[in-house]
Protein chains: 2
Amino acid sequence: MNRARQAPRAYLVCIGSELLAGQLNTHQAWLSVRLRRAGFDVVGESSVPDSAASVTAALRRALAGADAVIVCGGLGPTFDDLTRESAASALGRRLRFNPALWEVIRKRLARYHAQIPAENKRQAEVITGAEVLDNTSGSAPGQRLEFRGKDGRPRSLILLPGPYSEMAPIFNRALPRLASRHARGMGVASFSLRLVGVPESIADEKLDAVRARFPEASFTILASGGEVSFHAATRAKTLAAARAELRRLRQAAIEAVGAWSYGEDDITLEAALGRRLRDKRLSLAVAESCTGGMLGARLTTAPGSSAWFHGGVIAYADAVKTGLLGVSARMIKSKGAVSAECAEAMALGARKAARANIGIAITGVAGPGGGTKTKPVG
Amino acid sequence: MNRARQAPRAYLVCIGSELLAGQLNTHQAWLSVRLRRAGFDVVGESSVPDSAASVTAALRRALAGADAVIVCGGLGPTFDDLTRESAASALGRRLRFNPALWEVIRKRLARYHAQIPAENKRQAEVITGAEVLDNTSGSAPGQRLEFRGKDGRPRSLILLPGPYSEMAPIFNRALPRLASRHARGMGVASFSLRLVGVPESIADEKLDAVRARFPEASFTILASGGEVSFHAATRAKTLAAARAELRRLRQAAIEAVGAWSYGEDDITLEAALGRRLRDKRLSLAVAESCTGGMLGARLTTAPGSSAWFHGGVIAYADAVKTGLLGVSARMIKSKGAVSAECAEAMALGARKAARANIGIAITGVAGPGGGTKTKPVG
């Protein structure tokens, strides 16, 4: 059988007291998805405060139980940035000041600072044996360590800066090497199916047979914001074999839940809608009551939305429904602002006012579970 | 000195493979804030996949290093809900089926299911010595265990279901007892100051003196979405002493950064704006270009926003700017759609069209760092 060996294990360590004081940890989700796609099994995450003892202990534990440990945060210049020292200590290594690296950092800082703070020098301290990962968006470079664990298996420790704009490009550049080191002799192929208009439990049930048919593949199903996404990855000895298996899996998944699918991989619902409208040379306008502009704001997140989205009217007050959308005041009185009739009149009004081919209206009672009503008119 | 003993330590364990596959962990931030306000020091968080060995190991580690361990997730009825078994195993205790609890769960399920799945019976299994925490919004009850650690200090282990709507009310009901058990003889008072229009680094610097003056207090500064929030908590032997200290600290903080403050504690910028508009009996309309309705959507999140927010126009296409807002096509041609003149005309148009006292317009180039321009007209 063309069966791959066990997936390499990745562990995430997120450093920063703010993560234990109310700041949302968004790196965890971002990194998990990318590591899984690259063939890793993400076996855990720890959020650790800015304390040298805590960080050192967390890194020791992580390195004992995973092949690749990805660390974010604590690489800044200030006294509470302790990741360099803690990682060196967890590995029993030293930190060395790297004058060439300091020159690079100093030059980058000179663009923004008249005087370079002396404390920034700490950012040029490198763990013995580490490779510097250049940070093109900030002053804190990343570091990569490759060695063998006590079990003889290869280990990688990657230190990344905390800010997303610095962390993400360094990680993206480091991932191919990480994957080839730990997932060598392993082809990985993955895809995602984006579903809308189906509850997670129903989609999950329909996909049961697919999971049963591909016991070697790994699966995730996530529900968020009214959408469901189904992710699958196949592993084999070669990339070609993994891709062939994925093609069969994809076919089976589409047969099971394709009716609810609007797209694959990273496409968003807004972008998928935009693509169809552009293909059909149609334009869209909105009239929003209870949502106050949320639909319009979402539509404009699609790249190139100005080609098909004209805008519309936020008709929160009834006076705006009558004044800008031409909804009759008598109809609002007789049918109510939250009615199919009002939604239809609003949609027609938006289409006319914004000179678009299609009008969509939302009217309802704001708040959780409030009965909103959408009425597309084309 | 009226100095309190060290703060009790809380640790969070979030269970679910989805947290290591792309699902955002929002419980961590939510629970951290509440535990800190109640006087706890949140010393760490772990996200753990649905594997009995991983959960048991994580709970053992957490209980070794914290006074209170809060666990979310893995209390459902299916095979991969392993928190009950793992917690029992970490504590060296047994699970017992509780017939009275099963009756409660069964009755609740009977409202939604014609036939009650047999696997739900697992949710009536209770760890020896645990107290059941009633779940009024779902079928999975929480559990609370109170015992003493090897160091003789009191320990608490609280198991909560994963869905927010079930987790949050159970936690809120359990928190007072948790605080009185671990923070006994300790008064805790806290407040937050919400700032806007100031970079985090400047606010941080201005608050340095406040931190130096109150070395016993704990502080956090968070930046998110253009806002900065500053949190402070004081601890003393009595609540009255903690509150008196907090009053002095609050005064000092307001002197340092009060000019940028729009409110305190849980108030949002939208709600603070709404409160001022209501006090002055003023109403608001928006005209949005590049933001596509985002401002309107945010304004409608404020409770009671219909009293002062009328709505407005999403003028994404120039035809909507001229058609609905009365911006002159000639002016757009000469000054550009992204210009102070266009923004002013849009704001005036929105005010008139939506019959409001104040118009706000946003026009700019969408995309990160794009030069947006806001022009309030009153």
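Every chain is numbered from 1, with letters handed out A, B, ... down the list of sequences.
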Engaged part of [X] at the chain B interface, taking heavy atoms whose separation is under 4.5 Å:
X         : answer
Thr220(A) : side chain
Arg61(A)  : side chain
Ala223(A) : backbone
Ser305(A) : both

With a 4.5 Å limit on heavy-atom distance, are the side chains of [X] and [Y] in contact?
X         : Y         : result
Val320(A) : Arg355(B) : no
Thr300(B) : Thr291(A) : no
Val43(B)  : Leu20(A)  : no

Against chain B, work out which of [options] has the most heavy-atom pairs shorter than 4.5 Å and name it.
options                                   : answer
Ser289(A), Gly296(A), Gly65(A), Ser283(A) : Gly296(A)
Val13(A), Leu24(A), Val286(A), Val33(A)   : Leu24(A)
Leu295(A), Leu222(A), Asp318(A), Thr26(A) : Leu222(A)
Gly311(A), Ser229(A), Ala353(A)           : Gly311(A)

Interatomic spacing from [atom1] in [X] to [atom2] in [Y] - rounded to 0.5 Å:
X         : Y         : atom1 : atom2 : answer
Ile221(A) : Ser17(B)  : CD1   : OG    : 13.5 Å
Ile314(B) : Ile314(A) : CD1   : CD1   : 4.5 Å
Glu18(A)  : Ser224(B) : CD    : OG    : 12.0 Å
His27(B)  : Asn25(A)  : NE2   : CG    : 14.0 Å
Leu324(B) : Leu324(A) : CG    : CG    : 5.5 Å

Only pairs of heavy atoms separated by less than 4.5 Å count here; which of [options] has the most with chain A?
options                                    : value
Gly44(B), Ala317(B), Gly312(B)             : Gly312(B)
Leu19(B), Leu299(B), Leu31(B)              : Leu19(B)
Ala287(B), Ala356(B), Gly292(B), Ala354(B) : Gly292(B)
Ser306(B), Gly323(B), Ala315(B)            : Ser306(B)

Minimal non-hydrogen separation, [X] against [Y], with atom names:
X         : Y         : result
Tyr316(A) : Phe309(B) : CD2-O, 3.2 Å
Ala297(B) : Gly293(A) : CB-C, 3.9 Å
Ala29(A)  : Gly22(B)  : CB-O, 3.4 Å

### Query
Does atom CD of Glu119(A) have more than 12 heavy-atom neighbours from other groups under 6.0 Å away?
yes
### Task
Could you look at Arg37(B) and say if it's the side chain, the backbone, both or neither that has a heavy atom under 4.5 Å from chain A?
neither
